[in-house]
Amino acid sequence: MALSAVDINCDMGEGYGPWQLGDTSDDTLMGLISSANIAAGFHAGDPNLIDRTVRLAAEHGVGVGAHPGYRDLQGFGRRRIDGSASELVNDIIYQVGAVKEFAKRHGVRLQHVKPHGALYMELAGNDELSEAFIAYMRKVEPDTPIFCMGMSRTYELARQAGQPVAREFFADRDYGDDGAIVFTRRVGRLDPEAIAAKVVKACRTGKVTTVTGNEVDIAFETVCFHSDTPGSADIARTLRSRLTEAGIKIVPLSQLINR
């Protein structure tokens, strides 16, 4: 079924001290999105940067999301780290708590939680870890959506547990025949028009072309692009423009899912 409205989310606050990943500032991107996934300190981010990014989101009326990752600053959270489900969920709790406190400071609530990078992909196929993560969310944030892929175990288990979820479509990532994104550590400069066309097609038809040339079904409420993708500002501007031209509204997540 064709979509008439979507949320646009982006990973934000991805730096550390004086360093920033990517070629576009958060100040530029924040006005182009409706949800921000704010790096929570383990793969990127630090207290001052979390504070600044949450404040920026609050000023723009953008939904604040916690973006917890593996404890992997050197690898930007894109390397898998072995650990028990309990250990890894404790890492998530620690990071979500940090973003929640800064959200309170700036008078906004936590809108969502979206795990980052390799942790996101591990959760997608790991029942034990997803169940432990969802159990934490049910106890502490039972009304707060989890961002995940529609084909993931995270999505299925969250639905079974009654936890709100928002399925993502990845504008700047390729898809495999299983409906999952093809995980990559580095992405080159992409064609903004091609990305926008892919997203508009997915909104209109519920289909995406995979790396093998097949068409697979895709269902989603929110569209993700990454701030560290080269040319991310051009991607965001083109995406917004083409969605609007197609009659697809960009709205806050709260208008798209039941909480």
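Since the model is a prediction, treat every value here as computed from it, not as a measurement.
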D26 side-chain N/O to G13 backbone N/O, donor-acceptor pair under 3.5 Å =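 It does hold such a pair.
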Verify, without hydrogens or angle tests, whether Y16 (side chain) and L49 (backbone) share a donor-acceptor contact under 3.5 angstrom.
->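 No, Y16 side chain to L49 backbone: no donor-acceptor pair under 3.5 Å.
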Counting only heavy atoms not in [X], do more than 12 fall under 6.0 Å of its [atom1]?
{"X": "K207", "atom1": "NZ", "value": "yes"}
{"X": "Y136", "atom1": "OH", "value": "yes"}
{"X": "E128", "atom1": "CD", "value": "no"}

For the atom pair NE2 (H67) and OG1 (T53), what is the distance rounded to the nearest 0.5 Å?
->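 If I round to the nearest 0.5 Å, the distance is 12.0 Å.
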Ring centres of Y175 and F220 under 6.0 Å apart?
->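 Judged by ring-centre distance (under 6.0 Å), Y175 and F220 do not meet the cut-off.
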May I ask you to check whether F42 and Y94 place their ring centers less than 6.0 Å from one another?
->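 F42 vs Y94: aromatic centres under 6.0 Å.
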Could [X] and [Y] be called an ion pair, given the rule that one side-chain N must be under 4.0 Å from one carboxylate O?
{"X": "E131", "Y": "R153", "answer": "no"}
{"X": "R78", "Y": "D228", "answer": "yes"}
{"X": "D27", "Y": "R52", "answer": "yes"}
{"X": "R71", "Y": "E87", "answer": "no"}
{"X": "E101", "Y": "R105", "answer": "no"}

side-chain contact (heavy atoms from CB on, under 4.5 Å) evaluation trace for H226 with E14 | CA-CA 10 Å; H226 295 81; E14 293 190 321; 5.9 Å; no
Heavy-atom side-chain proximity of I92 to L88 below 4.5 angstrom =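 No, their side chains stay 4.5 Å or more apart.
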R80 and Y70, any side-chain heavy atoms less than 4.5 Å apart =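 Side-chain contact under 4.5 Å: yes.
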Say whether E59 and H106, considering side chains only, have a donor N or O and an acceptor N or O under 3.5 Å apart.
->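 Judged by distance alone, the side chains do not pair up.
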Is there a donor in the side chain of S35 and an acceptor in the side chain of K114, or the other way round, less than 3.5 Å apart?
->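 Looking only at side-chain atoms, K114 and S35 do not form any donor-acceptor pair under 3.5 Å.
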